[in-house]
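Read through the structure below, which is laid out as structure tokens, and then see the notes.
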Amino acid sequence: MAEERHGFQAEVGRLLDIVTHSIYSDKSVFLRELVSNAADACDRLRYLAITRPEILADDPKLGIVIEIDRAKRTLGVADNGIGMNRAELIDHLGTIARSGTASFLDEAANGGAPGAPGAKNPALIGQFGIGFYSAFMVAAPVEVSSRKAGEGQGWRWHSEGRGDFAVSESAEAPARGTKVTLHLRQGEDDYLEPEHLRALVVKHSDHIGFPIHFKDGGASHALNSASALWMRPKAEIAAEQYADFYRHHAHAADEPWAVLHAHAEGKIEYTALLFVPSSRPFDLFNPERNNCVKLYVRRVFVSEACAEILPGYLRFVRGIVDSEDLPLSVSREMLQNNPLLAKIRSGLTKKILAELARKAESDAPAYIAFWENFGAVLKEGLYEDKDRRAALLGLARFRSTAGEDWATLGSYLERMRPGQEAIYYLSGENLEALRRSPQLEGFRARGVEVLLLTDSVDEFWIPAIGVFEGKPFKSVTRGGADIDKIAKPNGADGQPSDAPGIDNLIALMRLALKDAVKDVRRSDRLTDSPVCLVADEGDIDINIERLLRQHRQLDEVAKRVLEVNARHPLLAGLARRLGLEGAADDIAEASWLLLEQARIMQGEPVADPAAFARRLTQTMRRAYEE
Ligand code: ADP
Ligand code: MG
């Protein structure tokens, strides 16, 4: 069959652009990526062989070979793992399956002149495992020849790393598995030096559980210890080895924020080597909420992203679990509702939460960095996992009106004011907008702290929990917030009294606004602003309603209560007009303006922009015209 040419998926093209044009600080990562892929291929074949032992044929020892040819200036990385057929070569080495790639590429290339290739932010590339395509940093063309286990036909893939690649049948493909051959670019001769290569493998790939051999002409020798890293004693494992193991298994490029290496014995026996990433993986909020812990049974890889190993709210955890008790022939169906796995899951969840608590205690700034990455995910556990609610509440951190620092619920309780009965919160999308919200005025004046919540998950766990240490959670956007019972600090009561006639004014406003609001009421929560909107007690919270409308779960907008600051000079002025000629019309116009203003403060669109503009112009004319 003749050679067929295929274009790279657009994302791959952009990635290759970034990879080949940017001055990447450490090009040698390509070797780690290729060895990592070779090890994955061996893992996958070993798994297949559990049910189909014949697939190993007469080559049962899985391994990786690194080979150099000085005359041709090539470096090869070969494995006798699962291999790829034509369709897989086109699919796996022509596209990027990982979600979030496009947005990552946008971010990485941000700030560049239009059309200019290359990343403006190399640090970002460092966080994204560039995988196979990293080979093009040091080589062009790159050749891949492969034969899939159990299939007869071999295939050759090659590309210059620009725009397209070619695929053709090949008689020279390995008997089974894949060989990647790099034609090194000018100036990359270091990668023909055995010592340099050996040092790189020892440094970055020693954790690989398959033998890696180095072949230079006729001679061949082993480069690694080829034992599973997680079975070695902790004391013998360097931080760097843990980090490389993490990057291999998580397909990540950052440093682990935390490493948890644990062995459990007794009724069930397993070893876990788990990691918390230091940066947010791009697919964290995928609807599947897959977790990414790999399951091994007695050193044999069994399943990827096993959802049974950890609860969804710990899906940011990466790593492996190796069970001594499960049967090797365990099928994916058997993994579901497996009592053994349920025990492992509960044991690991406890260990992870304990480790987080320890970190929170020992290194608060580092813990906050973790919380900013994964707090929103961890909070899902507050309504999903009742048994661990207390532990999770202890781990939770909050923004609040008490300052720029993060608060805990415990510290909030300590700061409660005399007479304060509830834990007050305000939720919305944007922290700065929340801080400016008029609904906070009365709370500020009384020195009452309000938690500021910006994660959508907050709308779910708060109602699910309802109460913390006897104190109910209360949204400040609701009526009946009861803050009038809380004394102001130092008895500061030098405030102006209610405007005379305010009750009549409110009655007129009610008449003017009719069905646009549920009610107009005097407010306890305002000090500086004239009005604000609140949800009536028992009605749906304003922020939840906004969320529901965004997700098209709700068409109707519940009517709001317009609360009025009875001490505000503007309202006092309006009240003074009562009884004058034309007062009813003036008050009606002002009521509508105030209502629209309250909507704007709430981050909601003006209901009738044209009428709003007309009223505003008229009011301004009255102020500025003679
Ligand atoms: P990742 O390893 O994160 O999936 P890569 O870019 O490193 O991404 O590799 C892309 C895909 O190509 C892999 O997922 C795998 O399916 C396939 N692949 C790469 N190298 C090999 C290999 N040596 N043997 C079999 N498949 C491979
Ligand atoms: Mg890879």
Side-chain angles (χ1 to χ4, degrees), residues 6 8-9 11-16 18-19 29-49 55 59 62-67 75-101 104-105 125 127-137 139 142-151 154-159 161 165 167 170 173-182 204-205 207-208 210 212 244-254 277 281-283 290 292 294 301 304-305 318:
H6 296 265
F8 283 116
Q9 177 198 29
E11 274 87 8
V12 178
R14 287 162 66 203
L15 185 62
L16 284 170
I18 293 177
V19 163
V29 296
F30 82 88
L31 191 61
R32 174 180 95 195
E33 295 291 343
L34 296 182
V35 169
S36 161
N37 285 349
D40 282 346
C42 292
D43 253 343
R44 303 232 292 277
L45 184 65
R46 193 162 57 176
Y47 175 66
L48 258 190
I55 204 152
D59 186 15
L62 297 169
I64 299 162
V65 177
I66 297 175
E67 197 177 353
L75 167 67
V77 177
D79 64 73
N80 58 352
I82 191 144
M84 285 176 276
N85 57 25
R86 175 183 166 277
E88 288 164 336
L89 280 168
I90 295 171
D91 198 31
H92 299 330
L93 306 185
T95 61
I96 306 174
R98 270 166 291 168
S99 63
T101 307
F104 157 74
L105 289 167
I125 306 183
Q127 287 174 22
F128 187 77
I130 31 188
F132 169 78
Y133 303 103
S134 60
F136 289 98
M137 292 196 290
V142 172
E143 254 181 273
V144 180
S145 66
S146 192
R147 196 184 317 263
K148 179 140 191 187
E151 293 185 12
W155 298 91
R156 172 174 182 263
W157 176 107
H158 71 108
S159 172
F165 60 88
V167 179
S170 164
R176 183 187 71 218
T178 302
K179 179 171 182 184
V180 180
T181 305
L182 310 188
H204 289 304
S205 302
H207 62 84
I208 298 282
F210 297 97
I212 305 174
D244 283 310
F245 181 91
Y246 157 72
R247 286 188 281 256
H248 165 61
H249 281 276
H251 299 281
D254 58 342
F282 288 90
D283 54 2
N290 282 338
C292 302
K294 293 180 184 174
F301 169 70
E304 188 96 35
R318 302 288 187 261

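Atoms within each ligand, like the ligands themselves, are counted from 1 in listed order.
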Pick whichever of Lys179, Lys148, His92, His248 has a heavy atom sitting closest to atom 11 (C) of ligand 1.
His92
Could you tell me whether the side chain of Ser146 and the main chain of Gly83 form a donor-acceptor pair under 3.5 Å?
no
CD on Glu143 to CH2 on Trp157, rounded to 0.5 Å:
10.0 Å
Could you go through the side chain to side chain donor-acceptor pair (under 3.5 Å) check for Asp244 and His204 one step at a time?
CA-CA 6 Å; Asp244 283 310; His204 289 304; 2.9 Å; yes
Select one of side chain, backbone, both or neither to describe which atoms of Asp79 lie under 4.0 Å from any atom of ligand 1, heavy atoms only.
side chain
Counting from 1, what ligand 1 atoms have a heavy atom of Leu93 closer than 4.0 Å?
12 (O)
Is it the case that ligand 1 has an N or O less than 3.5 angstrom from some N or O of Asn37?
yes
How far does CG of Leu93 sit from CG of Asn37, to the nearest 0.5 angstrom?
8.5 Å
Decide, counting backbone as well as side-chain atoms, whether Ser36 has an N, O or S atom less than 2.8 Å from the Mg ion (ligand 2).
no
Subset of ligand 1 atoms that lie under 4.0 Å from at least one heavy atom of Ala41:
24 (N), 25 (C)
Do the charged groups of Lys179 and Glu67 touch, with an N to O distance under 4.0 Å?
yes
A student comparing Met84, His251, Glu33 should find that the heavy atom closest to atom 4 (O) of ligand 1 comes from His251
Under 3.5 Å, is there a donor-acceptor pair between the side chain of Ser134 and the main chain of Gly131?
yes
